[in-house]
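Note sheet for the following structure.
Labels below follow one simple rule: chain letters A, B, ... track the order of the sequence lines, proteins then strands, and each chain is numbered from 1. All values reported here derive from a predicted model rather than from experimental measurement.
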2 protein chains.
Amino acid sequence: MVRNEIQEIRMKEYFIDAAREILKGEGLKSISVRNIAERAGYSYATLYNYFNDVKDLIFECVKDFQKECDQFVEAGSKNSRRGLPRIKSITKAYINYFVQYPGIFELFFIESTNDFVNKKTDLQVITGSLNRLCEPELIYCVENEVLTKHSADKMINQLLYSVVGLLTLYINRRQPKTYKEFMANVETELTNIINK
Amino acid sequence: MVRNEIQEIRMKEYFIDAAREILKGEGLKSISVRNIAERAGYSYATLYNYFNDVKDLIFECVKDFQKECDQFVEAGSKNSRRGLPRIKSITKAYINYFVQYPGIFELFFIESTNDFVNKKTDLQVITGSLNRLCEPELIYCVENEVLTKHSADKMINQLLYSVVGLLTLYINRRQPKTYKEFMANVETELTNIINK
DNA sequence: TTCATTATATTAACACTGTTAATAAATATA
DNA sequence: TATATTTATTAACAGTGTTAATATAATGAA
């Protein structure tokens with residue numbers, strides 16, 4: 001019962017890495033316990049020696065993607081001017097991360113009825129991630145009297161709704177059809193929300 | 001091979017009605033061919049004598065729900081003053097229809113990776129439905145010079161994005177937690193978009 | 001009415017899904 | 001080396017959509 005910690009972590013990672021590859025590539029529709037295990041080089045039942053169920057495994061991926069997304073956004077926004085311009089950059093980078101990995105958007109915002117990711121706290125963490133990324137800049141804006149506390153709250157709400165709407169329609173429903181059109185719509189929406 | 005038309009339509013409706021009941025009640029997660037057939041009083045394989053596959057059946061439901069949604073919106077907005085106020089009423093009614101039947105929202109805007117509803121034209125019809133409902137009022141606004149053609153296009157786009165974002169987060173992710181909070185957010189968003 | 005043909009409904013089966021229990025294999029301990 | 005423990009695998013269950021083969025019901029002609 002007292003399993004070697006290092007070995008256990010290593011084993012877990014084999015499965016997590018396999019699952020991440022599938023999610024990034026084919027997306028949620030292609031993931032299955034047998035699929036993950038095969039890619040990890042083990043039998044499907046072995047997975048259950050390291051995870052309670054597939055939800056637990058998938059949520060480990062969610063946490064990793066979350067970190068990756070944070071880094072992607074950081075890299076894509078650090079050179080922007082602080083305040084409103086950086087909020088715009090952060091949001092654009094956030095959107096582009098999910099455009100690059102539609103399967104991860106599915107996992108973060110769409111999936112619910114199927115059997116992955118259902119812990120309440122997990123959901124709060126996911127839906128709050130744009131908020132968390134923008135928070136330093138929102139505080140900066142309030143401190144410099146560019147925004148009131150109330151208008152900052154309102155703005156981050158509007159941003160999240162528009163981002164989720166834009167991405168849901170583009171990723172899930174192919175509307176608009178091209179990336180160029182999509183990004184033009186993104187620009188319009190963000191300008192309207194951020195620059196009033 | 002030359003089946004009685006009336007009987008065929010009747011049979012189709014038995015399955016469609018059964019599927020609609022399930023979708024309205026438990027939602028997409030609970031639907032299955034065996035489930036539908038049992039509720040219709042037939043064997044699961046009989047369904048395939050009347051539909052090519054379950055996607056075809058589900059899309060018949062989509063069309064029905066579409067009509068029902070139109071009527072619901074019509075009833076909830078016909079007494080509003082024409083122009084911008086009615087656009088707001090239409091959008092609110094549209095939102096409330098999906099709040100009442102979250103499973104239908106799933107079917108209309110979320111589902112894609114799973115195996116229901118995938119014909120391209122069908123998707124266009126669904127995502128264009130708010131646009132279609134608002135169109136007479138948008139034209140009215142342009143004619144009365146309340147809006148320019150360009151600002152009308154922009155408005156309907158923003159409306160759709162916000163509506164889908166609001167509903168996705170509320171239905172799929174329980175954010176915000178209460179209906180009251182949700183409707184307050186709806187009001188804020190719609191006011192911001194429609195009344196500038 | 002009886003028989004043959006056609007149309008419709010049903011059961012059995014296939015390939016998948018997540019998960020669990022029983023078994024096989026590998027490792028560690030004495 | 002022999003025993004005990006840990007880890008991995010196969011077999012199985014209940015579920016999914018779908019298809020082929022079979023059973024039942026309805027219809028036609030004699």
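- A cation-pi arrangement, defined by a distance under 6.0 Å to the six-membered ring centre and an angle within 45 degrees of its axis, is present between A:Lys24 and A:Tyr101.
- Taking atom OH of B:Tyr14 as the reference point, atom C1' of C:dA9 lies 15 Å away to the nearest angstrom.
- Note: OH (B:Tyr42) to P (D:dT24) measures 17 Å, nearest angstrom.
- Between A:Tyr50 atom OH and D:dT6 atom P there is a gap of 13 Å when expressed in whole angstrom units.
- Taking the charged nitrogens against the carboxylate oxygens, A:Lys12 and A:Glu60 have no contact shorter than 4.0 Å, which rules out a salt bridge.
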Listed pairs, N/O of protein and of nucleotides 19-26 of chain C, under 3.5 Å:
{"from": "C:dT19", "atom 1": "OP2", "to": "A:Tyr48", "atom 2": "OH", "distance (Å)": "2.8"}
{"from": "C:dT19", "atom 1": "OP2", "to": "A:Val54", "atom 2": "N", "distance (Å)": "3.1"}
{"from": "C:dT19", "atom 1": "O5'", "to": "A:Tyr48", "atom 2": "OH", "distance (Å)": "3.3"}
{"from": "C:dT19", "atom 1": "O4", "to": "A:Arg34", "atom 2": "NH2", "distance (Å)": "3.2"}

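- To the nearest angstrom, P of C:dA9 lies 12 Å from CZ of B:Phe51.
- D:dA26 atom C1' lies 14 Å from atom CE of B:Met11, rounded to whole Å.
- Ionic pairing of A:Asp17 and A:Arg20 is present here: one or more N-O contacts between side-chain nitrogen and carboxylate oxygen are shorter than 4.0 angstrom.
- Axis angle, first five pairs versus last five pairs of the helix from C:dT5-D:dA26 to C:dA30-D:dT1: 30°, rounded to 10°.
- A tilted orientation is assigned to the rings of B:Tyr170 and B:Tyr179, their planes being inclined by 30° to 60°.
- At a threshold of 4.0 angstrom between heavy atoms, the contacts of A:Ser32 are confined to the sugar-phosphate backbone, with no base atom among them.
- Rounded to an integer number of Å, the gap from B:Asn35 CG to D:dG15 C1' is 12 Å.
- B:Phe108 has its ring centre less than 6.0 Å from the ring centre of B:Phe98.
- Taking 4.0 angstrom as the limit, B:Ser43 places none of its side-chain polar atoms (N or O) nearer than this to OP1 or OP2 of C:dA9.
- Per the geometry, NZ belonging to B:Lys12 stands 14 Å off P belonging to C:dA9, to the nearest Å.
- Under 4.0 Å is where a charged nitrogen must lie from a carboxylate oxygen, and between B:Arg132 and B:Glu135 no such pair does.
- A donor-acceptor contact under 3.5 angstrom links the side chains of B:Ser151 and B:Thr148, judged on distance only.
- Across the protein-nucleic acid pair, A:Leu57 atom CG and C:dT17 atom P stand 15 Å apart, rounded to whole Å.
- Residue pairs meeting the salt bridge (Lys or Arg N to Asp or Glu O under 4.0 Å) criterion with at least one partner in residues 33-51 of chain B, sequence neighbours excluded, are B:Glu21-B:Arg39, B:Glu26-B:Arg39.
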Inset, instruction - Take A:Thr191 and A:Glu187, measure what side-chain hydrogen bond (donor to acceptor under 3.5 Å, both in side chains) needs, and give me the verdict at the end. - result: CA-CA 6 Å; A:Thr191 302; A:Glu187 182 62 44; 3.0 Å; yes
